[in-house]
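Atoms within each ligand, like the ligands themselves, are counted from 1 in listed order. Note that the structure is a prediction, hence the values are computed from the model and not measured.
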Amino acid sequence: MKLSQTFIKTLREAPKDELAKNGALLSRAGYVHKEMAGVYDFLPLGLKVLENIKRIIREELNAIGSEEVLLSTLQNPELWEKTGRFSDQQVDIWFKTELSSGGIVGLAPTHEEPITNLMKTYISSYKDLPLSVYQFQTKFRNEKRAKSGILRGREFLMKDMYSFHATEEDLDRYYAEVEKAYDRIYARLGLTDTHETFASGGIFAKYSHEYQTFLPVGEDTVYYNADKTVFINKEVYNDEVLKDLGVENDSFSETAAAEVGNIFKLKFKYSEPLGLQFNDENNELKTVYMGCYGIGVSRVMGVIAEKFADEKGLCWPEPVAPFKAQLIGIGEAGVKVAEDFYNQHKDKILFDDRNLRPGEKFADAELMGMPYRIVISDKTMAENAAEVTSRKTGETKMIAIDKLNEIL
Ligand code: ATP
Ligand code: MG
């Protein structure tokens, strides 16, 4: 991408009402545009980050045999009334709207009810099980506080996966596979400081697990033991739970964290009220066991932005960065060689070919946060080389022009 040819611009100021670091930097660097509190547009660079996050998640979920679907946003209240979740007492974050032909529909805050109902068409026998599906979908939630940039949206992108099983053992087996897939996902996203954390399980399971990334502005509080093997959400941190987990003698520290995902053994929570059943080997009618597994895709982008940024700007881990490098040519020969290099690697390079002073381009490269800055100038050309600076470490190296492709 050539910066002279895209409509995006870096901005000196973030929107006045933007209090969160992630929102401010992403706005200034041209990744997002704030519509209103908790509602953001994703611009070309921001969309690339989202797509990179989705690609990693998709690869890992396909690898454990889940199939991708896309369910509707408009929701029929009848289904949700069966589980009691359309009433404002039970779920107070619904956006509801009126049909011109009369009646009310909701904008999906999550999809347990519709996916359970949908599967009644496809699951009837033990031979149809196990089964797992996932989607990337925009969710709508009328969140009371939406002051954390893209960490908490009223409209946000979620990956939600649902699994269906004949037995509890099979649900447990798949749950353990998902745990491993989630570990791989967060590692590949560069979020290595993410920990599987015990959280409240509700009525049907003792615990659920949240994936919590340690982050000073995170809204959750997590307790962890000295050797960082046990993580417990404050909401369930009590003597009984410590005893349950066999860590009553450990000493625990407290930290702020952001929930980037969660996994849940639902068992019969939705399959029972919605009547999702199957015939087992003995032709007996049984209720389907279910699990659900979420990742906040747009929140993950905000957490990455927030966690790795410094006073100069964003700093993307390589697997999610929109481009590998930001390229700057200086002087006549430098610009020409830079242009040649860009033409060979267009999809990996953001070429700053604008008619600006080098200092302004350097500042923008730091704000926009590609993993490498490559400068080719008449001076570096004297050595037939380019100056390559790592955004993360600030370290600068001279690399020969004919070896430059190796960093991409
Ligand atoms: P939270 O406690 O943060 O409100 P939740 O328990 O409501 O999260 P889920 O309903 O299980 O979360 O949603 C799955 C994932 O979606 C969460 O783990 C989180 O990463 C993300 N998420 C939830 N609410 C939002 C939101 N308003 N904006 C962005 N991401 C969200
Ligand atoms: Mg919530």
Side-chain angles (χ1 to χ4, degrees), residues 20 22-23 26 32 34-42 46 49-50 53-54 57 61 71 75 80 83 85 90-95 106-115 134-162 178-179 182 185-186 189 191 194-202 204-205 207-215 217-222 231 233-236 256-266 269-270 290-307:
N22 71 86
L26 290 167
V32 303
K34 185 173 185 175
E35 282 294 332
M36 52 183 143
V39 183
Y40 290 83
D41 308 306
F42 290 82
V49 176
L50 279 185
I53 296 170
K54 283 167 68 178
I57 296 173
L61 299 185
L71 302 194
Q75 297 290 310
W80 298 79
T83 59
R85 291 215 294 175
Q90 278 253 0
V91 177
D92 59 357
I93 45 81
W94 274 103
F95 283 108
L107 300 182
T110 178
H111 278 85
E112 283 83 7
E113 280 81 350
I115 194 69
Y134 71 94
Q135 64 174 344
F136 294 99
Q137 224 256 4
T138 300
K139 311 291 190 204
F140 294 86
R141 293 186 182 180
N142 201 348
E143 302 275 6
K144 287 205 175 57
R145 290 166 301 115
K147 292 185 184 159
S148 306
I150 60 170
L151 298 185
R152 183 169 297 285
R154 296 197 162 110
E155 174 179 339
F156 63 97
L157 189 63
M158 191 200 284
K159 182 285 297 175
D160 42 330
M161 178 165 83
Y162 305 89
V178 177
E179 286 177 305
Y182 269 44
I185 288 169
Y186 294 113
L189 291 171
L191 285 178
T194 300
H195 307 281
E196 188 176 8
T197 301
F198 286 95
S200 145
F204 286 85
Y207 300 110
S208 69
H209 292 100
E210 293 170 346
Y211 286 78
Q212 294 279 1
T213 307
F214 286 12
L215 188 72
V217 300
E219 292 179 15
D220 289 345
T221 303
V222 171
F231 302 82
N233 191 312
K234 184 179 185 177
E235 290 162 11
V236 296
E259 182 192 321
V260 288
N262 59 16
I263 58 177
F264 225 105
K265 289 180 188 174
L266 297 170
K269 184 168 179 179
Y270 299 99
M290 284 177 59
C292 75
Y293 318 87
I295 292 182
V297 177
S298 47
R299 179 179 291 180
V300 160
M301 174 172 163
V303 167
I304 294 173
E306 188 89 35
K307 192 162 175 78

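Residue Glu219 comes nearest to Ser148 through the heavy atom pair OE2-OG, 3.2 Å, listed as atom of the first residue, atom of the second, then distance. When all heavy atoms of Asp220 and Gln212 are compared, the pair lying nearest together is OD2-NE2, 2.8 Å. Here the closest heavy-atom approach between residue Met301 and residue Ile150 is recorded as CG-CD1, 3.9 Å.
Closest heavy-atom approach to atom 2 (O) of ligand 1 within the set Glu219, Glu259, Glu112, Arg299: this belongs to Glu259. Distances from atom 5 (P) of ligand 1 to the heavy atoms of Glu210, Arg141, Lys139 show the closest one on Arg141.
In Asp160, neither the side chain nor the backbone holds a heavy atom less than 4.0 Å from any atom of ligand 1. Neither the backbone nor the side chain of Asp220 comes within contact range of ligand 1; no heavy atom lies under 4.0 Å. With a 4.0 Å cut-off on non-hydrogen atoms, Met158 touches ligand 1 through its side chain and not its backbone.
A cation-pi arrangement is absent between Lys139 and Phe156, since the terminal nitrogen or guanidinium carbon is not both under 6.0 Å from the aromatic centre and inside a 45° cone about the axis.
In this structure, the protein non-hydrogen atom closest to atom 1 (P) of ligand 1 is Arg152 NH2, 3.5 Å. For atom 15 (C) of ligand 1, the nearest non-hydrogen atom of the protein is Gly296 N, 3.9 Å. Closest to atom 11 (O) of ligand 1 among all protein heavy atoms lies Asn262 ND2, 2.6 Å. Phe156 CE1, 3.6 Å is the protein heavy atom nearest to atom 22 (N) of ligand 1.
In this structure, Asp41 does not pair ionically with Lys34, as no charged nitrogen and carboxylate oxygen lie closer than 4.0 Å. Taking a cutoff of 4.0 Å between a charged side-chain nitrogen and a carboxylate oxygen, Glu143 and Arg152 qualify as a salt bridge. The existence of a salt bridge linking Lys269 and Glu112 is excluded, since no basic side-chain nitrogen approaches an acidic carboxylate oxygen closer than 4.0 Å.
In summary, the atoms of ligand 1 found under 4.0 Å from a heavy atom of Glu143, numbered by their order in the structure, are 24 (N), 26 (C), 27 (N). Taking every heavy atom of Leu151 and a limit of under 4.0 angstrom, the matching atoms of ligand 1 come to 28 (N), 29 (C), 30 (N).
For the side chain to side chain donor-acceptor pair (under 3.5 Å) test with Glu210, the passing option among Thr194, Asn233, Thr197, Asn262 is Asn233; the others fail.
In terms of N/O distances under 3.5 Å, ligand 1 is approached by Gly153.
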